[in-house]
Amino acid sequence: MSEENQAVANGAGNEQDAPAFAIQRVYTKDVSFETPSSPAIFQKEWKPEVKLDLDTRSNKLADDTYEVVLAITVTASIDEQVAFLAEVQQAGIFTVGNMPEPQLAHTLGSFCPNTLFPYAREVVSSLVARGTFPQLNLAPVNFDALFASYVQKRAADMQAAQEANSGTTTDA
């Protein structure tokens with residue numbers, strides 16, 4: 001019996017050191033929808049050029065608690081006239097504990113935005129429909145690839161800055 005208690009005690013100790021992740025809340029932080037060319041835009045043939053911009057940011061709220069914001073801007077244009085502009089900031093509060101820095105950065109920069117994206121996509125779709133435009137369903141986004149690209153670019157920028165600093169140093 002004492003061996004079972006010891007195993008449970010050891011297991012509980014390991015669980016305390018294990019990485020932790022929990023979604024505390026998902027909410028829409030900001031929404032904007034504009035139709036600057038209406039009503040004239042409704043008279044044109046609907047063959048828009050759609051541009052999607054994504055951005056993420058995170059803020060530490062407390063120990064192991066972070067707010068992550070996924071900002072999406074969708075601009076639909078016809079003949080260089082803006083048909084509509086939809087902006088959504090979908091946010092979430094996440095508890096992320098016991099993670100080494102690289103894993104924490106990946107969680108905040110990729111996993112959390114991936115969690116928020118379906119909510120933001122639904123808000124964009126609803127805004128476009130309420131504007132009486134044809135349905136717009138945003139394609140899935142590979143946040144892992146975007147985060148990897150960001151990390152590579154940041155590393156390359158840091159290396160270039162180091163090389164520039166070492167190249168300008170002169171010995172007298």
Side-chain angles (χ1 to χ4, degrees), residues 19-97 99 101-158 160-161:
F21 178 84
I23 300 170
Q24 300 299 320
R25 181 174 302 249
V26 173
Y27 57 98
T28 302
K29 190 171 182 103
D30 190 21
V31 173
S32 174
F33 185 79
E34 301 171 28
T35 58
S37 300
S38 62
I41 203 71
F42 295 119
Q43 304 303 311
K44 295 189 178 214
E45 184 180 357
W46 187 249
K47 291 188 179 178
E49 176 184 326
V50 178
K51 180 182 172 195
L52 173 68
D53 292 314
L54 296 169
D55 190 29
T56 61
R57 66 181 184 274
S58 61
N59 306 311
K60 187 171 187 173
L61 302 176
D63 289 342
D64 299 338
T65 304
Y66 298 85
E67 177 192 49
V68 177
V69 180
L70 172 62
I72 296 178
T73 303
V74 179
T75 307
S77 302
I78 299 174
D79 300 329
E80 298 185 25
Q81 274 190 310
V82 175
F84 67 78
L85 175 70
E87 297 175 308
V88 175
Q89 289 186 15
Q90 191 70 42
I93 299 173
F94 301 91
T95 301
V96 184
M99 287 191 191
E101 184 57 37
Q103 189 177 3
L104 175 64
H106 181 265
T107 299
L108 296 176
S110 177
F111 188 77
C112 291
N114 200 38
T115 301
L116 296 171
F117 184 74
Y119 296 95
R121 181 172 53 192
E122 190 280 325
V123 171
V124 168
S125 179
S126 177
L127 288 171
V128 171
R130 288 173 184 242
T132 70
F133 291 95
Q135 186 174 5
L136 175 69
N137 290 319
L138 299 177
V141 175
N142 186 341
F143 287 99
D144 286 330
L146 290 176
F147 182 75
S149 174
Y150 166 77
V151 169
Q152 284 179 332
K153 183 181 182 317
R154 188 170 170 199
D157 290 348
M158 290 176 68

Item to check | Separation of Leu138 CG from Glu122 CD (nearest 0.5 Å) | outcome: 11.0 Å
Next on the checklist: Atom CD of residue position Glu49 - does it have more than 12 heavy atoms of other residues, nucleotides or ligands inside 6.0 Å?
Outcome noted: no
Checklist entry - Centroid-to-centroid, Phe21 to Phe111, below 6.0 Å? => result yes
Checklist entry - Yes or no on side chain to side chain contact (heavy atoms under 4.5 Å, CB included) for Ile41 and Thr35, after CA distance, side-chain angles and deciding distance? => result CA-CA 9 Å; Ile41 203 71; Thr35 58; 5.8 Å; no
Checklist entry - If you round to the nearest 0.5 Å, how far is CG of Leu116 from CD of Gln89? => result 11.5 Å
Checklist entry - Ring centres of Phe133 and Phe42 under 6.0 Å apart? => result yes
Item to check | Any Ile93 side-chain heavy atom under 4.5 Å of Tyr66 side chain | outcome: no
Item to check | Exercise: do Asp64 and Thr95 side chains pair donor with acceptor under 3.5 Å | outcome: no
Checklist entry - Should Leu54 and Val141 be marked as a side chain to side chain contact (heavy atoms under 4.5 Å, CB included) after you check the CA-CA gap, both sets of side-chain angles, and the distance that decides it? => result CA-CA 10 Å; Leu54 296 169; Val141 175; 3.6 Å; yes
Checklist entry - Which atoms form the tightest heavy-atom contact between Val68 and Ser58, and what is the distance? => result CG2-CB, 4.0 Å
Checklist entry - If we only count heavy atoms from C-beta on, is the Val74 to Leu85 side-chain gap below 4.5 Å? => result no
Item to check | Atom of Ser37, atom of Val82 and distance for their closest heavy-atom approach | outcome: OG-O, 2.9 Å
Checklist entry - Of the non-hydrogen atoms in Pro48 and Ala76, which two are nearest, and what is the gap between them? => result CB-CB, 4.3 Å
Checklist entry - Looking at the rings of Phe147 and His106, which for Trp means the six-membered one, are their centres under 6.0 Å apart? => result yes
Next on the checklist: How long is the straight-line distance from CD1 of Ile23 back to SG of Cys112, given to the nearest 0.5 Å?
Outcome noted: 8.0 Å
Item to check | Pairwise distance OG(Ser126) to CD(Gln135) - rounded to 0.5 angstrom | outcome: 11.0 Å
Next on the checklist: So for atom OH, which belongs to Tyr119, do other residues, nucleotides or ligands contribute more than 12 heavy atoms lying within a distance under 6.0 Å?
Outcome noted: no
Item to check | Check: Tyr150 and Thr56 side chains under 4.5 Å, non-hydrogen atoms | outcome: no
Next on the checklist: Any non-hydrogen side-chain atom of Phe143 less than 4.5 Å from a side-chain atom of Leu70?
Outcome noted: yes
Checklist entry - Under 4.0 Å between a Lys/Arg side-chain N and an Asp/Glu carboxylate O for Glu67 and Lys60? => result no
Item to check | Shortest non-hydrogen contact between Lys29 and Val69, atoms and distance | outcome: CD-CG2, 4.1 Å
Item to check | Within-4.5 Å side-chain heavy-atom neighbours: Arg121 and Pro140 | outcome: yes
Checklist entry - When rounded to the nearest 0.5 angstrom, what is the spacing between CG in Asp144 and CG in Asn114? => result 7.0 Å
Checklist entry - Which atom names give the shortest non-hydrogen contact between Met99 and Ala20, and what distance separates them? => result CE-O, 3.8 Å
Checklist entry - What pair of heavy atoms forms the shortest contact from Lys44 to Ile78, and how long is it? => result CD-CG2, 4.0 Å
Next on the checklist: With rounding to the nearest 0.5 angstrom, report the CG to CG distance, Asn142 to Leu146.
Outcome noted: 6.5 Å
Next on the checklist: Run the side chain to side chain contact (heavy atoms under 4.5 Å, CB included) test on Ile72 and Phe117 for me, step by step, so that the C-alpha distance in whole Å, both residues' side-chain angles and the decisive distance to 0.1 Å come before the verdict.
Outcome noted: CA-CA 9 Å; Ile72 296 178; Phe117 184 74; 3.8 Å; yes
Item to check | Residues Arg57 and Asp55 bridged, charged N to O under 4.0 Å | outcome: no
Next on the checklist: Atom NZ of residue position Lys51 - does it have more than 12 heavy atoms of other residues, nucleotides or ligands inside 6.0 Å?
Outcome noted: no
Next on the checklist: Please determine whether the number of non-hydrogen atoms from other residues, nucleotides or ligands lying under 6.0 Å from atom OH of Tyr27 exceeds 12.
Outcome noted: yes
Next on the checklist: Apply side chain to side chain contact (heavy atoms under 4.5 Å, CB included) to residues Gln90 and Val123 and explain how you reach the verdict.
Outcome noted: CA-CA 9 Å; Gln90 191 70 42; Val123 171; 3.9 Å; yes
